[in-house]
Trainee: 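The structure's right below; bear with me while I get my questions together.
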Amino acid sequence: GAVAPFDGGYRAWRAAVSDGWTVEAELRRQAIRMQPASIPTGADALSRRSSRGAISTAAPSPGAASARNGHALPASSDARGGMPATNATPATPPRPKAPKLSKDAYRRQRETLDAELTRLGLRKNHLELDLSKPAVQANFIELRRVSSELADVETALAAAEDAWLTLEERAP
């Protein structure tokens, strides 16, 4: 009983699963991302997960992209939350890295992503400033609207940052 978000449609999910994406690996990746100092493993991870209930978010999962890039649980782990497997099967081989981009294509994509990151960063700053205004704080509907938009912008900003990192891997 665990749930992990997946950003993409059914075909993308099937492709990611065939490349080694698992719910447990995604939950583990999110736990590492949220609390890098304490990485839950084995029974500890299962007891923490069951005490919190199923994990589910509406945000798109950057882990889906990393899973499609070949990041999965190591071969010494099974599908039950990273516990050592008695009959360890070899992990699926990582997918080959995307080919390098030409200098012009890389430059164009980098400029587009930089502009998007700048736009989203500025919008996030404006929304955070709006949250500090007394008129917004006094109006529940406006507060909800600004908070919701801020959450959407933060999600888009995280996706743009992941896209930027992926682009950097393809730099000429």
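Source: prediction; values computed, not measured.
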Trainee: Do the non-hydrogen side-chain atoms of W164 and D114 ever get within less than 4.5 Å of each other?
Mentor: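 Side chain of W164 against side chain of D114, heavy atoms only: contact under 4.5 Å found.
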Trainee: Quick one: list whatever passes side chain to side chain contact (heavy atoms under 4.5 Å, CB included) with L129, sequence neighbours left out.
Mentor: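 L129: no side chain to side chain contact (heavy atoms under 4.5 Å, CB included) contacts found.
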Trainee: Considering only NZ, NE, NH1 and NH2 on the basic side and carboxylate oxygens on the acidic side, decide whether R145 and E142 come within less than 4.0 Å.
Mentor: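 A salt bridge is present here (some side-chain N lies under 4.0 Å from a carboxylate O).
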Trainee: Can you give me the closest heavy-atom contact between P5 and W21, atom names plus distance?
Mentor: O-CZ2, 4.1 Å
Trainee: Answer yes if F140 and L127 sit in the same cluster of Ile, Leu, Val, Met, Phe, Trp and Tyr residues linked by side chain heavy atoms under 4.5 Å apart, and no otherwise.
Mentor: no
Trainee: Tell me whether L157 is reachable from L122 by hopping between hydrophobic residues (I, L, V, M, F, W, Y) whose side-chain heavy atoms are closer than 4.5 Å.
Mentor: no
Trainee: Side chain of S148, backbone of R144: donor and acceptor closer than 3.5 Å?
Mentor: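 A pair under 3.5 Å: no.
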Trainee: Looking at every non-hydrogen atom in both residues, tell me the closest pair between E26 and A4 and how far apart they are.
Mentor: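 Nearest heavy atoms, E26 then A4: CG-CB, 3.7 Å.
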Trainee: Which atom names give the shortest non-hydrogen contact between L120 and V153, and what distance separates them?
Mentor: O-CG1, 3.5 Å
Trainee: Can you confirm whether L131 sits close enough to Q137 that some side-chain heavy atom of one is under 4.5 Å from a side-chain heavy atom of the other?
Mentor: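 Side-chain contact under 4.5 Å: no.
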Trainee: For the pair L27 and E24, evaluate side-chain contact (heavy atoms from CB on, under 4.5 Å) and give the outcome as yes or no after the intermediate values.
Mentor: CA-CA 5 Å; L27 292 174; E24 289 78 17; 5.7 Å; no
Trainee: For the pair E149 and R123, evaluate salt bridge (charged side-chain N to carboxylate O under 4.0 Å, His left out) and give the outcome as yes or no after the intermediate values.
Mentor: CA-CA 10 Å; E149 187 176 350; R123 185 65 186 147; 2.7 Å; yes
Trainee: Which residues pass the side-chain hydrogen bond (donor to acceptor under 3.5 Å, both in side chains) test with E154, not counting sequence neighbours?
Mentor: none
Trainee: If I compare all heavy atoms of V146 with all of D130, which pair ends up nearest, and what's the gap?
Mentor: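 Looking at all heavy atoms of both residues, the shortest contact is CG1-CB, 4.1 Å.
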Trainee: At what distance, to the nearest 0.5 angstrom, does CZ of R108 lie from OG of S102?
Mentor: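 Going from the CZ atom of R108 to the OG atom of S102 covers 6.0 Å.
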Trainee: For the residue pair Y106 / E111, report whether a side-chain donor-acceptor contact shorter than 3.5 Å exists.
Mentor: no
Trainee: Rounded to the nearest 0.5 Å, how far does CZ of R107 lie from OG1 of T112?
Mentor: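 Result: 9.5 Å between the selected atoms.
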Trainee: Would you name the heavy atoms of L113 and L167 that are closest together and state the gap between them?
Mentor: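 Minimum heavy-atom contact is CD1-CD2, 3.6 Å.
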Trainee: List the atom of L117, the atom of A160, and the distance in Å for their closest heavy-atom pair.
Mentor: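 Heavy-atom minimum between the residues: CD2-CB, 3.6 Å.
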Trainee: Say whether I141 and V136 are linked into one hydrophobic cluster, either directly or through other cluster members, by side-chain heavy-atom distances under 4.5 angstrom.
Mentor: no
Trainee: Please check if atom CZ in R170 has more than 12 non-hydrogen atoms from other residues, nucleotides or ligands closer than 6.0 Å.
Mentor: yes
Trainee: Side-chain contact test, heavy atoms from C-beta onward, threshold under 4.5 Å: evaluate it for L165 versus E161 and give yes or no.
Mentor: no
Trainee: Nearest 0.5 Å, what's the CG-CD distance between L101 and E169?
Mentor: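 Those atoms lie 11.5 Å apart.
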